[in-house]
Structures are given as C-alpha cells and as structure tokens.
Amino acid sequence: MPRYNPAEIEPKWQQYWELNQTFKTPIRPKSEKVYALDMFPYPSGAGLHVGHPEGYTATDIMCRFWRMRGKSVLHPMGFDAFGLPAEEHAIKTNTPPRVSTEKNIAEFTRQLKMLGFSYDWSRVLATTDVEYFRWTQWIFLVLFDTWFDEDQNRGRPIAELPIPPDVTAQGGLAESEYRDAHRLAYQGEALVNWCPALGTVLANEEVIDGKSERGNHPVQRIPLRQWMLRITAYADRLLGDLEHLDWSPGIKKLQAEWIGRSTGAEVDFFLGSEEEFASWKASRSTTGFPKLIPQDVLRVYTTRPDTLFGATYMVIAPEHPLVQALTKDTQRESVEAYCQAASYKSDRERTEGDTKKKSGVFTGAHAINPTTGRPIPIWIADYVLASYGTGAIMAVPAHDDRDFEFAVQYGLPVNAVVDPGTSSACDREAVLAGKACFVGTGTAINSGCFDGQSTEQVKAAMTAQLSDSGQGKEAVNYKLRDWLFSRQRFWGEPFPILHELGEDGRPTGVVRAVDVSDLPVDLPHLDDYQPHGKPEPPLGKSPHDWLYVEIDGKRFRRETNTMPQWAGSCWYYLRFIDPRNNSAFCDPELEKAWMPVDLYVGGAEHAVLHLLYARFWHKVLYDRGHVSTVEPFQKLVNQGMILGEVEYTGYQVNGQWISTVDLEKDELGQLVCKATGAMAQAVVLGESEVTKKGDGFVLSAEQEVRVDSRAHKMSKSRGNVVNPDEIVREYGADSLRLYEMFMGPLEATKPWSMSGVSGVRNFLDRVWRMYVDYRDDDLRLLDAIVDQSPTAEQNQVLHRTIAAVTHDIEAMSFNTAIARMMEFANFFTKEQTRPRAAMSPFVLLLAPFAPHLAEELWSLLGNTDSLAYEPWPKYDEAATKSAEIEIPIQINGKVRGRLTVPAECDQASLETLALADPKTAELLAGKQVIKTIVVPGRLVSFVVK
RNA sequence: GCCAGAGUGGCGGAAUUGGCAGACGCGCUGGAUUCAAAAUCCAGUGCCCGCAAGGGUGUGUGGGUUCGAGUCCCACCUCUGGUACCA
C-alpha cells in the first residue's frame, strides 16, 4: 500500500543528498552569493529541543529557495561546544570533557541530519576542535597586539604605539608595562564569585541572591587577576554602526542601551577651605583642566551641569580611592564599618531588595561647590557605583530622584534650580519649595547669571564656562564596561600567553605571547577534574611539562585561566568560509567573496552579549586588515520562543475551588487567598473540564470559579518538553518542519499544539494522495495527472499560488505561504484532471518546506535529478487576475449589496451599475445621497440622509 | 518603576497597510462511503434574535479623526519579554 510514509522516504532522500553531495557549497561563489547562518547550538546532553529547528527550518527554507533562484548559497552548521555542563559532568564522572562533548555532538548531528537541513556538512566545525581554537588563540594574539588610537578612532599594531619620553627614560621594563597597559587584551584586577564550599569560582549566572545555584552555599566576591578586553574603546563605533544594519529596531535599541552613551561634563570640586577657593580657582584658569585628577579635588561626572547651583552635597562610592583620605577621624569607625559591609554585598544585593532603601555615611569632609563657593558635605553611599563615571557624584536632590530620596533620608538641603513651569504635570510649588523632585527640563532659577535660561542653554553655557575656567570639561560616558575575558575553568580555550618567572620561581610581571608558529596551545590531560579548593584555575594542576616552558634560557609559566564560552562564537562565521585552512583563519580572498552574513537567525537571548562581542572582534580584525567588512551580520532575525502546550490550572484552598480573581501573590510569590491568606493548591485540568466565559475560562461544573489558561516555557521540571525525535517518529521530519513554520510568525512566541502537528501531517497526506494512487499495490502516479493544458481556473489557482508563495517566502512569512499551498491542495483535490503543468510547479513550491516529500513526488513525476537546483516556478501576473470581481455596495458604511463587475470596470460605470442594482435602488429610494465614494476594484459607498 | 512587544471565534493565527473581519489549520456539528469502525470525501461553523427570509452585533476598555478604523490619534486595562540606582 503506497501510503505517504515519511519513515521510509525521509532517510532515503537524506542518503541521496549526502551521497550526491547535493548541498556542497562551491569554494567561491559561482553566481550572486548568499550567506545564511544559524546561531550554532551548544550540544547539551539533553539533545535537540523543538526550539532549535524553528530558526534552522526558516533559514533552510530561504536557502533552498535561493538555490532554486540560481544563487550560490553558503549554509553551514557547527557547535559551540565549550561550556560548563561538560565540565561539571567531568567533575562528577572524572572523564575528560572532550569525551562527553564529542558524544553530544554526534547525537546533535544525527538529530539535525534527521530533519533534512541542507547544510554543507563538509564545513562542520566545533569550537572545541584543536584546529579551530588554534585560530581563536590567534585572534586573541591580534587583540593582544593591538592598541586603540583615540585620534584615528581605530585599533593599530602595538609596535606603532607612541611611547612618551618620560616612560622611555625609565627603561625597557617601563616601556613594556606602558605597552601592556594599552593593549586591547590586558590584565586587571576584577571581582569574581568565589564559593569556598564548592571550592570553585562561579559564573554570574550560577550565583543567585549571593548563594551558589548548586548547594545554596555563600559566595564571596574577591579580587583576582583577570584578562580584560578593551571593548569600551569601540563603544562609539559599536553604537554608530548599528544604524546601517538590517536588524529589528528593538534589538538595535537593546544594544544601544547596553552601550549606554551619555554626554555631560566632568567637574572638579575643590577639597580645600572657602578662603583658599579663590586662589585655587585663579590657578585653574591658567593651568586649565588637568587630565590626571589632582589630589586637591573631587572629580565628578554629571549629565546635568545646568543644575550645578543645586548641588548641596556629594557622594562617593565605597570603593572610591579617596575614601581613606577624606574620612575625618571622628567618622572613621562608621565609615570603615559601612565600606566593609558594602564589600560583602554583591552588585545584585546592593541594588535589589524590596525596600531598595538608600544607605550612606558622612565622611566629615567638605568640598566647595564651584558655582556658589560654599562648602558642601561629602558622603559615602553604595547607590553610587565605583565603576561608572568617576565613582563620585554631585548630588542635586531637587532634580534627581535618587539624590532626593537620599537627601530626605539624611536631612540634607534641597535647593530647586530648575523651574518646571506651569505646563508640567508635577507639583510646581512643591518643587520650588524643595519638597518634591523634578527631573525634567525647564527654566533656570537660583542660578546666578543663568537665571531665566532654558535647561539646554544652561547646560551648554555652564559647560563652556567651566571649561574656560579650567574647572570642568565636556565628557562622554558609557555604561558598557570592559569585557572580563578569563574564566577559572578547565573546559575553554587556553590563553596563548606565558608569564616570565624570576630566579625565585615567581612571576616577574612580564608576559609574552606564544609564538604564532607554536599555536595551538592544546589543553593538557588532567588526572582529575576535582576542584582543588583555591580560587585558582584547574589548569594550575596541569603536568609540569605543560605548565612550564623554557625559551632562550628563561623559564615561563603558562597562563592557566581559560577563555569564556563567548570566545569561540565570536568568529565562527568567518571560519565556515574556509574551514580547513591551516595557514590562516580564513583566506582573505574567500572572506571578501562571502562576507557579510546576509541572514543571521537565532534566539533573542543573544541580542546583546554574543552580538556585541562578535561585532567587537570583527571591528578589531577589520582595523588590522584581516576582514573586509565593517560589520559581520547584515540582516538579523530573532525567532520567537516555543512554549509548551496550553495548560488549564484551577486552584483549591482546603479542597474547595477558589476563583483566580480571589487569589493574589504574597511576598514569596506564592498564590494565596486574598481574604484569608491561605495557600492555594494548583490543580491541572483537562480541556473538557473548563469552559470559556467572558474573557477567561471557568470550571465547567462550577462556572463562577475562574481558572488560569496559559502556555508555559518548556522545562524538564514542568514536564512539558517536546522531543523532536518523537515528532519525527510519529509524524515525520517534513511535518515537524512544516508545523514549526505554520504555528505563526517566526518572530512571535507561540504555544506548541500536538493537534496542530497532526493538522499539517494531514495536509502532507492530502498532497501525497493528490499525486499517488494510494489504493494501488505499486507506487504510481494517479491517472488524473495528465499531460493536458490546465483549464483557465486551474491556471489561475496555480499562478496565484506561485505568486503568493514567492512573496511570502521573500518576506519570511512562512505561515501564510503554507496556507496558500493548502488552498492549492484543497482546490486540486477536487479536480478530476490534474495537469502536469500545474502539479509539477507545485512540487517545487513545496520543496523548501517539505523537501523529502517534494523530492519523492518529483522523482515520481519522472525526473531523475534532485529538484534542489530546479528553477523556481515563475508566475504570470495576468494569469492571476480574474475577469470578473465582486464589489460590495455600502450605504452609510454598511455592506448592503454586492455587484459582480468586470475587473477593470471604471469609476463612472461602477456608480451607474450600483445605482441600477435593484436592492440598492430600493434602499436608496426616498433618501438623499449626500456623497458617493467609488474606489475602482474595491467598493462603492453611498452616504445618505 | 522604566523600556519593548502583544491583546482578533472554543484554540493557533490571516487581513495589498484606511476599503467585504475571521484566509489557512485545529476543534466541533451534520452528511456520504462502510456489515461496522478507522481512514477518506462533502457541507456547515464569531456571537445574539428568528422556523425562515432576514436583522442586530462584533477585533482588550473608553473616547476621537474619517463616507469608512482590527489598521490612524488620545487615555486606560491586561499579558509576555527585557532591565534594575549608569549620575
């Protein structure tokens, strides 16, 4: 019985494609190139998730479509295979992470191949391949060899870094330190999450509320030497170059906000007495604003220099370098206690918490407000971050919410210097009286010579005046911080860096890069992967022949930190272009031929970090002449999340049903009864137990009890994870592909539905039966498939379908493309004769979506080759048009009749025909027509009285 | 709190961007086929009134613009993501 049997035809065609190397991409494009890239997966032990094939199917459809349109398509796949789970598995089982990683990659490969994606598998790579991370290390060395020239706004070789004469005078060591301090890859102290109980350093994601995610042990923040990448140097370009990218405005905005550029001024507040202020001011007007911060001032950054007159106190961060110097003896005890307490808190703890109450302590010191010449107190508070701006602020409580809150709490003065005016929604009287805060713009008051000017005017004038008098300077700041690039982990790329050891066997502080010819630096074999109880990387336990190196009689110790998982994914798109090259990360000529990536599809969770990091590396490679494009990813599409099946949940308190409207969340996030506070129990309900009522669902049996109805994220704990293997086994890969595309728009979040899968399977069955006599014993075409010309109507359906499917694919509107093909099938199923001239092109339309079924039907139609490079069907615009169309007649905006007219019927005849329509005439009788609107091809509308 | 996106039948979702709301699929109802069932095929299916013809009503809520609004404007409500004192 030749029924549609995907279990048979899908493996058959997958083998055919593999054997014939159908999707092998030419080394260089032979026609217009398209580079379509999926965000490659982390090969977890759990296997493929139904979320993966969503984006992969979308790009696969585009690629198959482009190939049929004669383009040269690069469509590769690989694995982002370094990562924590493999290392944790290694710790548990004491097997090398490479073993489990390779096993997982094999499983992922099997699952991906099972879905029939047209990847060029000959280009597959994993970030853990030694020959891959050889080049990741090489790129790190490029970063290490690059400094950022602010004047030219680009990265340049470190050899070209100008060394100031005073540094040269101090000798070679000073010069080398100077260079190290300017490299894009440099070392610095940074806080890490050290968990003594687990004996390991944790990633931020592994720390929840100051406790370890596993085991709930306390986590300390301790400073540790770290590799940093100077991404901040590129902040301006990373922001500016977003403009020309074909990304959704939402993602661009997210990146822009992450970079967080702001403009304002740096201002120095004199740390002396009122009497000394005048002479300090005078000296400043001759020396100008110094680049390095002198000892006698507190420098702040502000975006509102216009409010300087309203600065009534100052705040420095607990980690500010001047804390010790500023603290008066009378305050020392409380300051030390405060700063110590702050150091124990994570950034999270500092800012989180329900109360979010501000805390702080007075230093006892004062600074002079440069506008008023009066002293104002200097406080320490953790609402000021050490890592942003100068780590110190001028507080203007009248015009900043945070400062206002703090001022109220500690009884500090609030002086209004901006009049909100009467049009603002705020309470103007309260603001002027210092009883309320106003953060908007308005007119300056209590601001000396600036009174009466607008906020914008004062900002500019004040900045100019500060600049002239050497007390301040225009300044730009970014929220973006330098990228903490090292991890205290085993399973990552080793740094190609050596630390020189002195006679005593201790590091001298001199570092050198591993010679490019000595790359790759492979990971050593470890006897065990257990944590060793020190906040030091596991590579410290490496065999000595790996750890120690001797060059030119000097001893070196290898860097034992490893790179973060982001490293490998920062440049994989370049390696796919030339994956087996062993003399360069990618041939420059091929890079020029294939870059940039024309379509990049992946989850929105990478909207900020991965895309920002990859763009940064790309720009460095660009500056150093290794790539030809300024940006790597021209068009970006974020697929939406796939949720589990919709679930209905009712709630009970003490066995009694309770309506969701009578429930609320308590402080712990638990659902409790509003009236009694009693905890509610969730009860999972079947579809048959609930009924729609109003805009929600209720229990069928007790209709006053409202229940929850929603889809949840798929998760192991909830038990709603859908396994692609099962779907393929039960419905076939083509059905899975088709269903994921039919669910809704690619970018939307959508719930899974098994009956939806069986719906599209049903469609594929219908398509099969449209061609195949399934009651025959042998596989053969139906007699209805004939070599005769299509009827006019058949031809119109065909051409309309081609037109619609073509446009929908171009717009990546796959759900509607599938709907159009279903309409085609609905129509031709009813036709007794099915001309080849219609049935052949339809198979080609279906091919990008359901490639296995399409290939099978294509070969049944007598073709011997794969349809993968068959020209995409063309449509005739004229054939899609009808000779006659139906036009509605509206009276006062309501449809009161219909008119069948020739398609090209003009305005005048339409009106005549409408007036002649008996029903319309009847309705218009005795009424006065005020206005007649006729839109040819659309409608006739009468407005009557 | 702030930012972004979204609210359309029982459900997933369509709607040349201001012109016949509900394409397509699921579900449901009825019919054909069958000894019967599955499968398949055909028809119907927003809600309300009505035996019917027909009429009314309808895109989260309230207002507005327009001959005409799911689509544009204003205000609000709900949900989903993101974010967290960046001066």
Side-chain angles (χ1 to χ4, degrees), chain A residues 3 248-251 253-254 257-258 260-262 264 300-304 307 315 347-348 350-352 356 358 381-385 387-396 399-403 405-406 439 477-481 604-605 607-608 640-641 643 646 687 690-692 695-697 709-711 713 739 742-745 747-760 762-763 765-766 769 774-775 807 813 815-823 825-826 829-830 886-895 897-898 930-933 935 937-944:
Chain A
R3 297 204 149 179
S248 74
I251 296 288
K253 193 149 182 271
L254 225 56
E257 274 170 10
W258 189 266
R261 185 181 201 269
S262 70
V300 302
Y301 170 71
T302 176
T303 55
R304 289 293 299 270
T307 60
V315 186
D347 281 353
R348 258 240 176 89
R350 275 201 198 178
T351 57
E352 255 181 13
K356 218 189 196 181
K358 297 214 166 16
D382 63 7
Y383 82 89
V384 170
L385 307 174
S387 50
Y388 183 79
T390 59
I393 62 156
M394 63 175 212
V396 185
H399 306 293
D400 182 284
D401 287 326
R402 298 153 300 184
D403 297 342
E405 199 186 313
F406 191 82
V439 298
N477 254 298
Y478 300 92
K479 282 200 224 176
L480 184 70
R481 308 291 150 84
E605 67 273 18
V608 176
M641 209 191 322
L643 305 174
V646 172
E687 211 174 328
V690 298
T691 312
K692 177 90 179 193
D695 52 3
F697 281 83
S709 132
R710 67 180 220 120
K713 237 187 213 173
Y739 173 64
F742 190 58
M743 292 171 87
E747 303 192 58
T749 302
K750 335 160 251 271
W752 186 268
S753 149
M754 277 304 173
S755 51
V757 185
S758 89
V760 296
N762 198 26
F763 162 65
D765 275 314
R766 273 161 77 83
R769 288 193 303 267
Y774 69 99
R775 277 166 303 213
H807 293 141
S813 172
N815 53 333
T816 52
I818 294 166
R820 296 289 91 85
M821 291 190 283
M822 287 172 167
E823 286 178 10
N826 290 345
T829 296
K830 293 190 184 96
E886 202 181 58
I887 294 246
I889 302 170
Q890 291 184 355
I891 294 172
N892 285 347
K894 297 200 185 234
V895 180
R898 277 168 225 281
I930 306 167
K931 195 169 176 183
T932 307
I933 299 114
V935 184
R938 277 259 178 261
L939 86 166
V940 182
S941 181
F942 297 104
V943 186
V944 301

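Atom set for the values below is all heavy atoms of this structure, side chains included, hydrogens, waters and symmetry mates excluded. Just so we're on the same page: letters track the sequence lines, and every chain starts at 1.
Look at rC85(B): it lacks any Watson-Crick or wobble partner with both distances under 3.5 angstrom. Judged by Watson-Crick or G-U wobble contacts below 3.5 Å, the nucleotide rU80(B) has rA4(B) as its partner. Judged by Watson-Crick or G-U wobble contacts below 3.5 Å, the nucleotide rU16(B) has no partner. Pair assignment for rC28(B) gives rG44(B), based on Watson-Crick or G-U wobble hydrogen-bonding distances that are each under 3.5 Å. Of the nucleotides present, none pairs with rA53(B) by Watson-Crick or G-U wobble criteria with both distances under 3.5 Å. The partner of rC35(B) cannot be assigned: no Watson-Crick or G-U wobble pair with both contacts below 3.5 Å exists in any strand. Pairing partner, rG68(B): none, since no Watson-Crick or wobble contact has both distances short of 3.5 Å. Pairing partner, rU61(B): rA75(B), with both Watson-Crick or wobble hydrogen-bond distances short of 3.5 Å.
Comparing Arg766(A) and Thr390(A), the nucleotide of RNA chain B nearest to each residue sits closer to the 5' end for Arg766(A). Map Gly759(A) and Arg481(A) each onto its nearest nucleotide of RNA chain B; the residue landing nearer the 5' end is Gly759(A).
A sub-4.0 Å separation between OP1 or OP2 of rA39(B) and a side-chain N or O of Arg3(A) is absent. The side chain of Asn762(A) places an N or O atom within less than 4.0 Å of a non-bridging phosphate oxygen (OP1 or OP2) of rC26(B).
Using a 4.0 Å heavy-atom distance criterion, Pro745(A) is classed as a sugar-phosphate-only contact.
Of the candidates rG19(B), rG13(B), rC85(B), the closest approach to any side-chain atom of Arg938(A) belongs to rG19(B). Candidate nucleotides rA87(B), rC24(B), rG19(B) were compared by shortest atom distance to the side chain of Tyr388(A), and rA87(B) ranks first. Distance from the side chain of Tyr301(A) is smallest to rA87(B) among rC3(B), rA87(B), rU40(B). The nucleotide whose nearest atom lies closest to any side-chain atom of Ser755(A) is, among rA23(B), rC26(B), rC67(B), rC26(B). With rC11(B), rC3(B), rG13(B) as the choices, the nucleotide that has an atom nearest any side-chain atom of Phe697(A) turns out to be rC11(B). Here rG12(B) is the nucleotide among rG12(B), rG19(B), rA87(B) with the atom lying nearest to any side-chain atom of Pro751(A). Taking only side-chain atoms of Thr303(A), from C-beta outward, the nucleotide of rG19(B), rG13(B), rA87(B) with the closest atom is rA87(B). Distances were taken from every side-chain heavy atom of Ser941(A) (C-beta onward) to each of rC67(B), rG82(B), rC24(B); the shortest belongs to rC67(B). Comparing rC67(B), rG13(B), rA43(B) by their nearest atom to the side chain of Lys830(A) picks out rA43(B).
Atom-to-atom, CE of Met641(A) to C1' of rA6(B) comes out at 14 Å; the value is rounded to the nearest Å. Atom P of nucleotide rA84(B) and atom NZ of Lys358(A) are separated by 16 Å, given to the nearest angstrom. Straight-line distance from the CZ atom of Arg820(A) to the P atom of rA15(B): 8 Å, rounded to whole Å. In this structure, Arg710(A) atom CZ and rG12(B) atom P are separated by 14 Å, rounded to whole Å. In this structure, Lys750(A) places its NZ atom 14 Å from P of rA6(B), rounding to the nearest Å. Remark: C1' of rA15(B) and CD of Glu823(A) are 12 Å apart, rounded to the nearest angstrom. As a whole-Å value, the separation of Ile818(A) CD1 from rG13(B) C1' is 12 Å. The distance from atom CD1 of Ile930(A) to atom C1' of rU66(B) is 14 Å, rounded to the nearest whole Å.
Applying the 90° criterion around 0 to the glycosidic angle, rG9(B) comes out syn.
Nucleotides rG31(B) and rU16(B) place their C1' atoms 38 Å apart, quoted to the nearest Å. Across rU71(B) and rU65(B), the matching P atoms stand 15 Å from one another, rounded to whole Å.
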